[in-house]
Structures are given as structure tokens and as C-alpha cells.
Number of protein chains: 2
Amino acid sequence: MKLREFAKQLGLSPTTVSRALSGYPEVSEVTRARVAEEAVRLGYRPNVNAVRLKTGRAGAIGVVMGRAGEFHFAEFMAGMAERLVAEDTDILVIPMADPDHNDEMQLYRRLVESQRVDAIIVHSPRPNDERIALLHKLGMPFLVHGRSDIDVPHAWLDIDNEGAVRRATSHLIDLGHTRIAMINGRPGATYALHRDKGYREALQSRGIELDPQLIASGNFTDELGFRFARSLLEQANPPTAIVAGSMMTALGVYRAVRSLGLQVGREVSVVAHDDVFPYLTADNMAPSLSATRSSMRAAGTRCADLVLQLVSGRSPLEIHELWPVELILRESTAPVQR
Amino acid sequence: MKLREFAKQLGLSPTTVSRALSGYPEVSEVTRARVAEEAVRLGYRPNVNAVRLKTGRAGAIGVVMGRAGEFHFAEFMAGMAERLVAEDTDILVIPMADPDHNDEMQLYRRLVESQRVDAIIVHSPRPNDERIALLHKLGMPFLVHGRSDIDVPHAWLDIDNEGAVRRATSHLIDLGHTRIAMINGRPGATYALHRDKGYREALQSRGIELDPQLIASGNFTDELGFRFARSLLEQANPPTAIVAGSMMTALGVYRAVRSLGLQVGREVSVVAHDDVFPYLTADNMAPSLSATRSSMRAAGTRCADLVLQLVSGRSPLEIHELWPVELILRESTAPVQR
DNA sequence: TTTTCCAACCAAATCGTTTTCAAATTTGAA
DNA sequence: TTCAAATTTGAAAACGATTTGGTTGGAAAA
């Protein structure tokens, strides 16, 4: 059913019908009500593509998805979905071929030019992230999930990674640990730098010298956790505590500890960051895992919310949210054994 | 840059330019080459919304995402992305508010009517799935990831869940196990029925009577695995083997076994289904996990491929793929102890 | 009564392409 | 050289909405 026909059936002009449905004021209440009612009854819905062509609005938010397929991703999107379901906005997932730099910039540029999205969410930003510069230059509204030091105004939402790791590390120090290992994410992303900083500061403020051997970084896989923990624990002067970065690496660390006949929460303390997954909870691990916690899903919901505000004109300069991270102590952290 | 201007710069008509770019035959090679080259140089790209309005194509494939935010989802999408990156097609994720039945049907109906997608992928179908009937009725191309018994022609791709579980269970029986527990997915979906069938058939063909107490079902969480395994193993006549359904439940099962001072691969054998995640591999578990394996990512890639074929006119009746599942034996399955 | 104003409605232009139909040009055979 | 056929090109009409810039009729003001 097209606007033309629908209007004819109502004995009105397309103009009036369009106005009635879009909530413009210059149409009488009684007419508006009738139009709305009949639209439902006759099943008229404006053709999205026509609306988009005319208004220039895309009705979608873009998210670029890397090849990695991180498990956080689904949770974040589920969170976004929670907020967007009420709006008439959907999520456009744009596949990214290679993490090749030029390709990536090209992808963003084309995405913007194609006018398929009203705004973009940028994930895992780097301290000096050219994507941000580009999007700013092109005038596309965007929200950064994470942070960047780049000297370009932009909206962002991030969690306090630095504080989280500092707290976690400090807590371990309070328990008497001095050899504390740290598993970080892939170098390059700002969050990895922040975590590194939190870790270093905690050590420094308590006068503990940093041992570079105790730091690893890479994708947050179970395997990374296992390999690194295992190799450290087999060494002469093993760490007594490990900051494990993510739930998956924590699983690997647990496994490594057990494989050497040791126990988490006794010979080795472990803290990780928990993004709060419905299918794998820190509380249920054995022993239960002490963790810094921040819901990925909630972040998704809030990001969607902020993006909508951005699209409807709010200044990016006003949008900066730093979420505190809670540290939840469970059985995996205990006083150092002597 | 609009088509109008661009054509003018080239001294050609919009018609010719459009044809040159869309690869129509009635344009000379030399002109086509010049147009293509200049398009790149001057940065002309057709406005997607105009193209869509005119052609009626949306350039996107729809995927409805439930609130659950399953961890499979990201892998499947990453797989789709792998195939779609070459095409000019993207993935539209449509958030679903409640799993309320009426809402769900309404959502699909509106999605179709809105013409935002060229095709839809339906996940976790039920034996008699109304979504399939609806999409068929509305004439929207769609591919079912999984299977349905519904009497409506439709394209599908599924893995052989029945065969996988039958093989896994038979293998356990071969090893001398007779009390074999089974953790299944949420009842309702066809794949859960298939798995149930495979399990029952394996038992029956070897003359083992089924004990309903040994069957559980629910979301594939770590917690379900733990709770169920633990409660069974504490009982008087505990199972000696468990078919664990997914990697996450397998984690829970492992934990339960350990928590009782038992060992996987000795007192209790475990098999699970592995969707092949980059961050958590069966091979790396301790002991390594025997698993039926089928790559979720590969399924996503293939589904994207098939959907593209569907969109370009191939009959749904020709598209039925049943993927075999391999059973990979590792340390978690061993002869029953007596 | 006449003028002014306002609420309510509408015709037609527009968004940026694709595609139909027709015209112009080139080619090749006679 | 000529003319029909084949090849290239273009003008203009869609696609289905929104929106600008009017009308219209009746109530309020003069």
C-alpha cells in the first residue's frame, strides 16, 4: 500500500497524511486520529527507502565488526538492541575484511559516503585513532566506546580500566603479594594502555619494582592464559598472583594452576575483569573468581542511548561518560602464603 | 557528488554512466573504462538510498537477535561477514524485545513490509515454526539455519545434530558406559529434538534403557552444566558419562566433577559439542575434551553465500544442506571404570 | 459589512538513481 | 556507395515518500 492509495482511500491528500503520521502540527486532531487508526487498519507503512532518500536519514547505527569475532560483541549488541527496540532504528553490522590499515580507513569513508547509517560506534580505539579524525572530518556523528587521546572533539563512553586494574593490583598487594603477573589485551588499544598504567601505578605506589617478565598481552583467549601462567609458574621465582584480564584468560590461568598441582586462592591468587556474561559467571568458577566487573550489555544499552542523542543533535562535547568499575572479592584472592 | 554532475563532467548522460557502472552490456568498453576510472578519481558513488528506492533492493540481510545474546551469535556473524565483505551487502541486526510470540510475528511482518532487507536468516527454528510460514506467505526470501518439519518449502542449512549425538553416545557405550547423562538445549527448538533423538536411538540400539532422570535441558550456561552434573554425581547411582551439549556446559561439568574429587576421563567421561570458538578450544581443556565439532563461523559464511544465491533467484527448494559433524576423541572419554 | 487572520488542507517539486523507449551513430554486406 | 542491422547513447518517466509554498473557508476584529 502506497501513500497515494492510502490517502485516496481516506479522501485526503498525501501531504496531509504524511504530516499526520509524522506528527506535524498543522493537521487537526480529529484527522490525525483517523489517519493513525486507518493506517493500522489498512496496514499502511511508509516505504523506508523512499523516506530515507527524501530525508537523508538512514534509520540505522553502524558497527564495524572485525574478523576476530570477539565474544564481548554479542553482549554489547544485545545491550544496544535493548535500547533500540523501542526506536525505529536498527543496527548495521559492517564486515571488515582485513585489519589492514588503509582498507579500514577506506571502509569507514565509504560507509559514511554511502549514507547507510546515521551514526557509527567505534570500538577499541587507539590513543591516536585515525578513524576518529576521519569521522570528525567527514561530519558523521559517532560515539567512541573506549577512549582516545586524539585532539579531536568526540563523544565517548568508557569504563575505568585504569582504576579497575589499580584497585585489583592494590588489593593483591594488600594481601601481601609482591610478584604479581598481568595479562593484558592486544597492545595498541587505549584500554590496554590504561590497564598497564593502573598496574604500574599500583606497584609503584607501594614501592614494588616492576618485572617486565611478568607482563603478557594478546587476544583474550583461554590459551593465552594457560600458556603464560604455566610458563611463569614453572619458573624459578614464580608470581604469587595474577591479574588475568578477562574471563577467558582466567579460565586458562585456573587450568594452568591446577595442572601444576597448585590451587587458585592458595598458592596463587587470581583477579580478572568480568564483562558479565550470562553463560559464564565469576561467581560460579571454582574457586569463585575475584573480579572487576562492568556489564558489557549495559554499556551497549547506554551507547545506543547516547548515539540516539547524538543523532538528534546533542553536542559530542557534552557526551563523556567514565563508568566506575566495581571490584568484587571472592575466593580466588587470598593472603600470600609464606 | 551526484550522478548528474558526474555525468556532466564526463560529457555523458546519466543514463550511460549508470549503465557503465552497473555493468550493462550496451555500453562500449572504452566508455566503461573511462567512467570507472573517473568515478574513482572524482570519488563518485551512487547514493544507496536512491538506488534502493529505485531498484527495490535493500542491500542487506536481516538477522533477528533475541535478548539472550548467545555467544554463538558473534561467531556466526563473523562468518557471514567473511562472505559478505566482498558483496555490497550488509547485515541488519533487528533487536527483538520479548520472546513473546505475538510480538515476534509482528516483528517479522514489519521487517518484511519495511523492505529494509532482501532476505532473512531464521535461527533456532522449531518443528512447526510460524515464522517460516509467515515469511513464505509474505514472499520474503529466507534461509533457515537449522531445520523445521513445517510443510512449507524453505531453504535450510543444518548440522547433523542427531548423528552427532548418536555417534557421541555410541562411542561412550562402546567404552562400556551404560549410565550416560545428557544435557540438551532449551526444549522447543528442532535441534534439541534431534539431539534427543540421537541420544535415545544410540541407547536403544544397544539395549540400554533410558533413565529420564539423566536428561536435563536449558540455556547452555556453565551453571547448568555444573548444577546438573553435580546433583547427578552425588546421587546413589551416578552416571559414568555425560554428553554435555556445549563448551560452556562442559566447563560446568568439568568443575562439578573436580569439585567432588573425581577426574574427567577417569571416573566420568565427558563429550560435548564444539562450535569452534577462537577463545576457548576443546583441545586446550584439561583433560582435553572429546567433542563433536562443527564450525559456527563456517556455517555463517555458507549461510551468507546461500542467502545471496536465494536473493539472486535460486529456488529455495534446491537449497538444503546437512553438514556432517565430526567426532574428535580426546582425553575426556575413557573406558568405564569398574 | 468588510477586512484580517488562522487553521486545515493540498499541488507540485524534490530526493538521486534506474530503466524504458527512442534516437543517433557505426558497422558490414550487397 | 547504400541501406539495414547492430551498437551506443540520451531524454524523460518512474520509484514513494517529504516539504515548500500555496489555497481555502470560516471565525474574529475592525
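Note that these values count all heavy atoms, side chains included, but never hydrogens, waters or copies made by symmetry. Each chain gets a letter, A, B and so on, in the order the sequences are listed, and its residues count up from 1.
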Would you call [X] and [Y] a side-chain contact if the rule is heavy atoms closer than 4.5 Å?
| X | Y | answer |
| --- | --- | --- |
| His154(B) | Ser148(B) | yes |
| Val122(B) | Leu135(B) | yes |
| Ile121(A) | Ile61(A) | yes |

Taking ring-ring contact (aromatic ring centres under 6.0 Å, His included) as the cut-off, I'd like each qualifying pair that reaches into [range], sequence neighbours left out, listed once.
| range | answer |
| --- | --- |
| residues 295-319 of chain A | none |
| residues 295-315 of chain A | none |
| residues 110-132 of chain A | Phe76(A)-His123(A), His123(A)-His145(A) |

Given atom CZ of Arg52(A) and atom P of dT17(C), what is their separation to the nearest angstrom?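 Distance, rounded to whole Å: 17 Å.
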
Taking 4.0 angstrom as the limit, do Glu37(A) and Arg34(A) come out as a salt bridge?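 Arg34(A) and Glu37(A): not salt-bridged.
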
Looking at Glu5(A) and Lys2(A), does any basic side-chain N land under 4.0 Å from a carboxylate oxygen?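 Salt bridge between Glu5(A) and Lys2(A), a charged N being under 4.0 Å from a carboxylate O: no.
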
Mind listing the side-chain donor-acceptor pairs of residues 305-316 of chain B below 3.5 Å, one per line with the distance, residues two or more places apart or on another chain?
{"from": "Asp305(B)", "atom 1": "OD1", "to": "Arg83(B)", "atom 2": "NE", "distance (Å)": "2.8"}
{"from": "Asp305(B)", "atom 1": "OD1", "to": "Arg83(B)", "atom 2": "NH2", "distance (Å)": "3.1"}
{"from": "Asp305(B)", "atom 1": "OD2", "to": "Arg302(B)", "atom 2": "NH1", "distance (Å)": "2.8"}
{"from": "Gln309(B)", "atom 1": "OE1", "to": "Arg314(B)", "atom 2": "NH1", "distance (Å)": "2.4"}
{"from": "Ser312(B)", "atom 1": "OG", "to": "Leu308(B)", "atom 2": "O", "distance (Å)": "3.1"}
{"from": "Ser312(B)", "atom 1": "OG", "to": "Gln309(B)", "atom 2": "O", "distance (Å)": "3.1"}
{"from": "Arg314(B)", "atom 1": "NE", "to": "Glu318(B)", "atom 2": "OE1", "distance (Å)": "2.8"}
{"from": "Arg314(B)", "atom 1": "NH2", "to": "Glu318(B)", "atom 2": "O", "distance (Å)": "3.4"}
{"from": "Ser315(B)", "atom 1": "OG", "to": "Leu317(B)", "atom 2": "N", "distance (Å)": "3.0"}

Check DNA chain D against residues 22-47 of chain A and give the residues with a non-hydrogen atom under 4.0 Å, in numerical order.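 The stretch gives Tyr24(A), Tyr44(A), Arg45(A), Pro46(A), Asn47(A) as the residues lying under 4.0 Å from the strand, ordered by number.
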
Contact list please: residues 3-11 of chain B against DNA chain D, heavy atoms, distance less than 4.0 Å, in numerical order.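 Per residue number, the list reads Gly11(B).
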
Any base atoms under 4.0 Å from Ser18(B), or only sugar-phosphate, or nothing? Heavy atoms, all strands.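 Contact class for Ser18(B): base.
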
Could you tell me the separation between the CE atom of Met80(B) and the OG1 atom of Thr301(B), rounded to the nearest 0.5 Å?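 The OG1 atom of Thr301(B) is 9.5 Å from CE of Met80(B), to the nearest 0.5 Å.
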
Value rounded to 0.5 Å, distance of CZ in Arg109(A) from CD in Gln106(A):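 That separation rounds to 6.5 Å.
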
Is there any side chain to side chain donor-acceptor pair (under 3.5 Å) pair reaching into residues 44-65 of chain B, and which pairs are they, with sequence neighbours excluded?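 Listed once each, the pairs would be none.
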
Give me the distances for all protein-to-nucleotides 11-13 of chain C N/O pairs that come in under 3.5 Å?
{"from": "dA11(C)", "atom 1": "N7", "to": "Thr15(A)", "atom 2": "OG1", "distance (Å)": "3.3"}
{"from": "dA11(C)", "atom 1": "N6", "to": "Thr15(A)", "atom 2": "OG1", "distance (Å)": "2.8"}

I'd like to know whether Val64(B) forms a side-chain contact (heavy atoms from CB on, under 4.5 Å) with Leu107(B), so could you lay out the CA-CA distance, the side-chain angles of the two residues, the decisive distance to 0.1 Å, and finally the verdict. CA-CA 9 Å; Val64(B) 175; Leu107(B) 182 78; 3.7 Å; yes

Holding to side chain to side chain donor-acceptor pair (under 3.5 Å), I want the full list of residues that pass it with His320(B), two or more places apart in sequence or in another chain.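 Per chain and number, His320(B) pairs via side chain to side chain donor-acceptor pair (under 3.5 Å) with Trp156(B).
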
List the atom pairs, donor and acceptor, that lie under 3.5 Å between side-chain atoms in residues 15-23 of chain A and the rest of the protein, sequence neighbours left out.
{"from": "Thr16(A)", "atom 1": "OG1", "to": "Ser13(A)", "atom 2": "OG", "distance (Å)": "3.2"}
{"from": "Ser22(A)", "atom 1": "OG", "to": "Ser18(A)", "atom 2": "O", "distance (Å)": "2.6"}

Let me check the geometry of the helix from dT1(C)-dA30(D) to dA30(C)-dT1(D). What is the bend angle between the axes at its two ends, five pairs each, to 10°?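 Answer for the end axes of this duplex: 50°.
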
Using the heavy-atom set of chain A and a strict 4.0 Å cut-off, write down the first and last nucleotide of DNA chain D that makes it in, 5' to 3'.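 Both ends considered, the range comes out as dG16(D) to dG21(D).
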
